[in-house]
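Just below is one structure, and these are the notes that go with it.
Residue numbers start at 1 and run along the sequence shown.
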Amino acid sequence: HYSIVTIVLYFTDSLSPARMSFCGWSSGEVYQNHFDKGVYTCSKCGTELFYSTKKYKHSSPWPAFTDTVTPDCLSKRSEGPSALKVSCAKCGNSLGHEFLNDGPEEGQSRF
């Protein structure tokens, strides 16, 4: 059972089979500063989307990643000159945005 939050991804690691939800507008971001080794997966279908090694500190209230697990794990559509709307390529679950050229290094995106 989850409170009033928008569940976007799950975090899994090798030590715990339990998946932990995160991300919401009305509550604090649980994994913004969470850097344990693991994989962030789609909350609907379990597709692996982001490795924790691609996560970095950012001023936004959500976790920030520089890259996806595979180039084709996300579907993307333009939402302005510097942003793409992203969703899980397997099930269509909305995952937020890719902000172009907003990563920690020049030319990198922020998911």
Side-chain angles (χ1 to χ4, degrees):
H1 178 262
Y2 298 108
S3 328
I4 302 173
V5 293
T6 304
I7 299 165
V8 177
L9 299 173
Y10 286 118
F11 175 79
T12 59
D13 63 29
S14 60
L15 302 177
S16 171
R19 293 180 172 174
M20 302 176 278
S21 64
F22 86 95
C23 210
W25 288 99
S26 61
S27 64
E29 171 48 63
V30 177
Y31 293 111
Q32 179 184 15
N33 297 311
H34 182 263
F35 290 92
D36 291 352
K37 186 177 179 181
V39 180
Y40 289 83
T41 61
C42 177
S43 62
K44 277 191 172 180
C45 70
T47 296
E48 292 185 351
L49 302 170
F50 303 102
Y51 291 123
S52 60
T53 55
K54 299 297 183 179
K55 189 171 182 291
Y56 68 99
K57 286 191 177 286
H58 189 269
S59 61
S60 72
W62 294 278
F65 303 91
T66 57
D67 205 1
T68 58
V69 169
T70 62
D72 60 348
C73 68
L74 298 178
S75 293
K76 303 175 185 182
R77 66 176 169 82
S78 180
E79 197 165 89
S82 61
L84 301 172
K85 182 75 175 158
V86 296
S87 56
C88 175
K90 183 174 182 182
C91 72
N93 188 24
S94 179
L95 300 168
H97 294 86
E98 175 181 356
F99 296 99
L100 306 173
N101 299 310
D102 191 39
E105 295 182 18
E106 189 173 327
Q108 281 187 320
S109 288
R110 172 174 57 94
F111 293 88

For Thr70, which residues count as a side chain to side chain donor-acceptor pair (under 3.5 Å) partner, sequence neighbours excluded?
Asp72

Shortest non-hydrogen pair, Leu84 vs Ser78, comes out as CD2-CA, 3.7 Å

Kindly write out the residues that satisfy side chain to side chain contact (heavy atoms under 4.5 Å, CB included) with Gln108, not counting sequence neighbours, or none if the list is empty.
Thr66, Pro104, Glu105

Determine all donor-acceptor pairs shorter than 3.5 Å in which one atom belongs to a side chain in residues 95-103; sequence neighbours excluded.
| from | atom 1 | to | atom 2 | distance (Å) |
| --- | --- | --- | --- | --- |
| His97 | NE2 | Glu79 | OE1 | 2.4 |
| Glu98 | OE1 | Lys76 | NZ | 2.7 |
| Glu98 | OE2 | Ser109 | OG | 2.7 |
| Asp102 | OD2 | Arg110 | NE | 2.7 |
| Asp102 | OD2 | Arg110 | NH2 | 2.8 |

List in chain and number order the residues that pass side chain to side chain contact (heavy atoms under 4.5 Å, CB included) with Thr68, two or more places apart in sequence or in another chain; answer none if no residue qualifies.
Phe50, Cys73, Leu74, Phe111

Filter on salt bridge (Lys or Arg N to Asp or Glu O under 4.0 Å), then keep only pairs touching residues 80-95, sequence neighbours left out; what's left?
none

So, for Cys45 and Cys88, which heavy atoms are closest and what is the spacing to 0.1 Å?
SG-SG, 3.6 Å

